[in-house]
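Comments concern the structure below.
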Amino acid sequence: MAEAQSRVVYPAIYGSDSEPPVVHDGTTRLYLSYVCPYARRAWIAVNYKGLHGQVQFVPFDLKNRPAWYKEKVYPLNKVPAIEHNNNVTGESLEVVKYIDANFDGPKLVPEDPGKKEFADEMVAYSATFIKVVWGSFSSEGDAATEVGPTLDHIENCLTKFGDGHFFVGQFSIADIAYVTFVEKAQVVLLEKKNYDITAGRPHFKTWIEEMHKIEAYTETKVPPHV
């Protein structure tokens, strides 16, 4: 299913001297950073479900975030967080699940029990993926040794269902869990260690290509030099 169109002009970034919105006034707000891979997970979900008319973006400069966010909105002071019905939900994949459960639009959590179970497994494994792959950026070790087994696992996971190129066949929360981190890994490991994360992994390569056909994702992409 093609996702809803999401061409919009996004708000300017809030800094430490920015005046706060009138929080807890019934407005639905997504607090995020345009460059944070965790926050971009929620951004992708909003895009995919076509919710720009319903969700107000409040983007931050994470190095200069306003004090009122921690004091008045989210005590953990992290992004993303969603304010809806005067409640605030944080943690990126929990925010994606919340958006999917509480708003109309294409579903991101599979309804098929088997696919939902596997999507949950992939969501849980994403923390290991990030730890291993991003940990290799600053190491002196061989990339193939450090990250190869983890990437091979992803390659194998992409073969579980035969009805599409995504983890559970159709685009889902499982893909959102990985794509913003794969984006950075592909650039950094090639430039720093001359390691192509897709080499010898045809399903992973195809997955990346198919992700670039998802406008909800491509509209959030960070320029490679950033």
Side-chain angles (χ1 to χ4, degrees), residues 10 13 30-48 57 59-65 77-81 90-96 119 121-159 165-167 171-226:
Y10 291 100
I13 295 172
L30 179 65
Y31 299 90
L32 75 162
S33 161
Y34 292 143
V35 298
C36 171
Y38 292 96
R40 288 172 57 214
R41 287 168 161 173
W43 182 4
I44 292 168
V46 169
N47 284 354
Y48 193 76
F57 279 33
F60 293 151
D61 175 352
L62 294 181
K63 295 182 179 179
N64 187 36
R65 73 189 76 188
N77 204 27
K78 300 191 296 184
V79 293
E91 299 300 327
S92 61
L93 293 170
E94 291 305 312
V95 172
V96 173
E121 291 176 11
M122 294 310 303
V123 164
Y125 185 73
S126 66
T128 297
F129 176 89
I130 294 164
K131 181 179 180 180
V132 171
V133 177
W134 280 37
S136 71
F137 294 171
S138 58
S139 78
E140 299 298 326
D142 175 66
T145 301
E146 290 182 332
V147 305
T150 300
L151 295 172
D152 289 341
H153 179 66
I154 296 299
E155 171 74 7
N156 291 333
C157 287
L158 285 164
T159 68
H165 297 296
F166 301 107
F167 283 110
F171 178 73
S172 75
I173 188 174
D175 306 292
I176 291 176
Y178 289 85
V179 67
T180 59
F181 298 91
V182 169
E183 175 187 308
K184 182 171 182 177
Q186 189 171 24
V187 173
V188 173
L189 289 177
L190 187 62
E191 291 190 355
K192 291 188 68 173
K193 298 195 174 186
N194 195 31
Y195 184 72
D196 179 0
I197 64 174
T198 66
R201 302 181 181 98
H203 294 93
F204 189 39
K205 184 174 186 293
T206 298
W207 178 81
I208 292 173
E209 292 170 351
E210 291 298 311
M211 282 301 313
H212 281 82
K213 298 176 184 178
I214 302 290
E215 187 174 323
Y217 158 61
T218 59
E219 287 192 355
T220 77
K221 282 198 69 176
V222 178
H225 71 277
V226 176

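Computed from heavy atoms alone, side chains included, the values below leave out hydrogens, waters and symmetry copies.
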Determine, stepwise, if the pair S92 / I176 fulfils side chain to side chain contact (heavy atoms under 4.5 Å, CB included). CA-CA 10 Å; S92 61; I176 291 176; over 6 Å; no
Are side-chain N/O atoms of Q186 and T198 paired as donor and acceptor at under 3.5 Å? no
Go through it in stages, so that I can follow the logic: the residues are F204 and V182, the test is side chain to side chain contact (heavy atoms under 4.5 Å, CB included), and I'd like the CA-CA distance, side-chain angles, deciding distance and then a yes or no. CA-CA 10 Å; F204 189 39; V182 169; 3.8 Å; yes
W207 pairs by ring-ring contact (aromatic ring centres under 6.0 Å, His included) with which of F167, Y217, Y178? F167
V147 and V132 have their tightest heavy-atom pair at CG1-O, 4.0 Å
Please test V133 against F181 for side chain to side chain contact (heavy atoms under 4.5 Å, CB included), starting from the C-alpha separation and ending with a verdict. CA-CA 9 Å; V133 177; F181 298 91; over 6 Å; no
Write down the atom of I173, the atom of L93, and the distance for their closest heavy-atom approach. CD1-O, 4.0 Å
Is it true that, when you exclude K193 itself, more than 12 heavy atoms of the residues, nucleotides or ligands shown sit nearer than 6.0 Å to its NZ? yes
For the residue pair F171 and Y48, is the inter-centroid distance of their aromatic rings smaller than 6.0 Å? yes
Look at the side chain of E210 and the backbone N and O of H165, then say whether any donor-acceptor pair between them is shorter than 3.5 Å. no
Are D142 and Y195 close enough that some pair of their side-chain heavy atoms sits under 4.5 Å apart? no
Under 3.5 Å, is there a donor on one side chain and an acceptor on the other for T220 and R40? yes
Please determine whether a side-chain nitrogen of the Lys or Arg among E209 and K205 lies less than 4.0 Å from a carboxylate oxygen of the Asp or Glu. yes
To the nearest 0.5 Å, tell me how far C157 SG sits from D152 CG. 11.0 Å
Is a side-chain donor or acceptor of K192 paired with a backbone partner of F137 at a separation under 3.5 angstrom? yes
Before we go on, tell me: are the rings of H153 and Y125 under 6.0 Å apart, centre to centre? yes
For the CZ atom of F57 and the CD1 atom of I13, what is their distance to the nearest 0.5 Å? 13.0 Å
Shortest non-hydrogen contact from P80 toward A39: CD-CA, 3.5 Å
Donor-acceptor pair, distance only, cut-off 3.5 Å: does the side chain of S139 make one with the backbone of S136? yes
In Å and rounded to the nearest 0.5 Å, what is the OG to CG distance from S33 to D61? 7.5 Å
N47 and A216 have their tightest heavy-atom pair at ND2-O, 2.9 Å
Ring centres under 6.0 Å, that's the criterion: do Y34 and F60 meet it? no
Test side chain to side chain contact (heavy atoms under 4.5 Å, CB included) on V188 and W134 and set out the steps. CA-CA 9 Å; V188 173; W134 280 37; over 6 Å; no
Look up atom CD1 in I154 and atom OG1 in T150, then write down how far apart they are to the nearest 0.5 Å. 8.0 Å
Any donor-acceptor N/O pair, R201 side chain to E155 backbone, under 3.5 Å: no
Is there a donor-acceptor pair closer than 3.5 Å between any side-chain N or O of R41 and the backbone N or O of V96? no
Between atom NZ of K131 and atom OG1 of T128, what is the distance when rounded to the nearest 0.5 Å? 7.5 Å
Rounded at 0.5 Å granularity, tell me how far OG1 in T180 sits from CE in M211. 9.0 Å
Taking every heavy atom of L62 against every heavy atom of C36, the minimum-distance pair comes out as CD1-CB, 4.0 Å
Measuring centre to centre across the rings, with the benzene-like ring taken for any Trp, is W43 within less than 6.0 Å of Y38? no
